Structures are given as C-alpha cells and as structure tokens.
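This report concerns only the one structure given below.
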Amino acid sequence: MGFRDYEEFWPFYLTQHRKPATRRWHFAGTSFVFLFVIIAIVTRNAWWLLGAPVAAYALAWFSHFFIEGNKPATFGHPFWSLRADFRMYGLMLTGQLGRELERLGISEE
C-alpha cells in the first residue's frame, strides 16, 4: 500500500493492531528493547543491544501471525512501523490509546 507520509500511515498501522492481545505482545516486545538497552549500559556490554530487535520483532510477529492473523506492517514500511510502534507504546503507557483509536474511528476486535 502506498502512503504519502507517516501521518497517513499511522491510522493504517492501528488497523493492523485491532486486537488488544496483539498490542500487549507489542508492548512486551518494546519493553524488552528498553530493558536490553538498560542492561547494555549498566553492564557495558553492547552484545545486549543485539537482543533488543530480536525480542521485539519475535513477539510482535508472533502476535501478527497467530493472534491478529495479518502480515506485519514492518514488511512493507519498516521505518514508519518502528516509529508507529514506539508511538503506540507511549499511548498505551499513558492510557491514551483508546482515545486515539476513538479519534480515528478504529474499532477494537
């Protein structure tokens, strides 16, 4: 699918994450990114940084294939998907994702 810019992509990204379980798996994966970065800094061992994307993508892709039943948006738009994942994470962390879904007229499944 062709999108002119990230803001046009954002609603599509959310439609690919309609199920709360999918979003929870994404949240867990993104949390591992932060955890691995912190561990790398504390231990001064950069090898932990390699685990960050592996953990994040493994959990996210699992959720798409086995829960959401769709293809991850990362395959077509890797950079916008990464940006959108962090945005969704922040909205979930602050309890604002429901409001954003409502604003965009996206229903949960």
Side-chain angles (χ1 to χ4, degrees):
M1 298 184 85
F3 300 99
R4 290 180 306 220
D5 56 25
Y6 169 77
E7 288 306 319
E8 190 176 284
F9 171 78
W10 171 241
F12 167 77
Y13 182 85
L14 290 178
T15 66
Q16 301 303 293
H17 300 83
R18 288 184 188 269
K19 295 182 180 179
T22 301
R23 295 192 301 267
R24 286 192 294 270
W25 280 98
H26 272 264
F27 190 89
T30 304
S31 294
F32 274 117
V33 169
F34 293 118
L35 177 64
F36 285 12
V37 168
I38 291 168
I39 292 171
I41 292 168
V42 169
T43 64
R44 296 183 180 150
N45 183 345
W47 286 104
W48 283 99
L49 298 176
L50 295 177
V54 171
Y57 284 118
L59 296 178
W61 290 355
F62 168 85
S63 72
H64 282 286
F65 293 127
F66 298 106
I67 296 170
E68 195 75 35
N70 62 16
K71 186 174 86 172
T74 303
F75 294 170
H77 303 280
F79 298 110
W80 284 350
S81 293
L82 180 62
R83 180 178 172 189
D85 185 66
F86 283 112
R87 183 175 179 181
M88 184 171 70
Y89 183 88
L91 290 171
M92 291 175 73
L93 191 64
T94 59
Q96 297 176 38
L97 184 60
R99 187 179 318 144
E100 180 70 355
L101 292 170
E102 187 176 309
R103 181 183 77 81
L104 295 171
I106 298 171
S107 61
E108 293 186 276
E109 288 184 14

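Remember, predicted model here, so these are calculated numbers, not experimental data. Because only heavy atoms are used, hydrogens play no part in the values below, and waters and symmetry mates are left out as well, while side chains stay in.
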TODO: Calculate, to the nearest 0.5 Å, the distance between atoms CZ and NE2 belonging to F9 and H77 respectively.
DONE: 6.0 Å
Task: Sub-4.5 Å side-chain heavy-atom contact between D85 and T74 - done: no
Task: Counterpart residues, side chain to side chain donor-acceptor pair (under 3.5 Å), relative to Q96 (two or more places apart) - done: T94
Open item on the list: Using a 4.5 Å cut-off between side-chain heavy atoms of Ile, Leu, Val, Met, Phe, Trp and Tyr, which other residues end up in the same hydrophobic cluster as L50?
Closed with: W47
Task: Same apolar cluster (I L V M F W Y, side chains within < 4.5 Å links), V42/F32 - done: no
Open item on the list: Are V33 and V54 linked, directly or through intermediate hydrophobic residues, by side-chain heavy-atom contacts shorter than 4.5 Å (ILVMFWY only)?
Closed with: no
Open item on the list: Within the supplied structure, the quantity of interest is the number of heavy atoms (other residues, nucleotides, ligands) at a distance under 6.0 Å from W48 CH2; does it exceed 12?
Closed with: no
Open item on the list: Take a 6.0 Å sphere around CD of E108 and say whether it holds more than 12 heavy atoms from other residues, nucleotides or ligands.
Closed with: yes
Open item on the list: Tell me every residue that passes side chain to side chain donor-acceptor pair (under 3.5 Å) with R103, counting only those two or more places apart in sequence or in another chain.
Closed with: E100
Task: Verdict with supporting geometry, R23 and L101, side-chain contact (heavy atoms from CB on, under 4.5 Å) - done: CA-CA 12 Å; R23 295 192 301 267; L101 292 170; 4.1 Å; yes
Open item on the list: Determine whether F27 and L93 satisfy the following criterion, side-chain contact (heavy atoms from CB on, under 4.5 Å), listing intermediate values before the conclusion.
Closed with: CA-CA 9 Å; F27 190 89; L93 191 64; 3.8 Å; yes
- [ ] With rounding to the nearest 0.5 Å, note down the distance linking NE2 in H26 to OG in S81.
- [x] 9.0 Å
Task: Where Y13 and A73 come nearest, the two heavy atoms and their spacing - done: CD1-CB, 4.2 Å
Task: Side chain to side chain, R24 and K19, heavy atoms closer than 4.5 Å - done: no
TODO: Identify, with sequence neighbours excluded, every residue that meets side-chain contact (heavy atoms from CB on, under 4.5 Å) alongside F34.
DONE: T30, F86, Y89
Task: Whether F3 and W80 hold their rings parallel, tilted or perpendicular, with breakpoints at 30° and 60° - done: perpendicular
TODO: Show your working on side-chain contact (heavy atoms from CB on, under 4.5 Å) between R87 and Y6 and close with a plain yes or no.
DONE: CA-CA 12 Å; R87 183 175 179 181; Y6 169 77; 3.2 Å; yes
Open item on the list: Under the rule for side-chain contact (heavy atoms from CB on, under 4.5 Å), what residues qualify as partners of F79, not counting sequence neighbours?
Closed with: none
Task: Plane angle bin for F62 and F66 - parallel if under 30°, tilted between 30 and 60°, otherwise perpendicular - done: tilted
TODO: Please report the closest heavy-atom contact between F36 and A52, naming both atoms and the distance.
DONE: CD2-N, 3.2 Å
Task: Test side-chain contact (heavy atoms from CB on, under 4.5 Å) applied to R18 - qualifying residues, sequence neighbours left out - done: T15, E68, I106, S107, E109
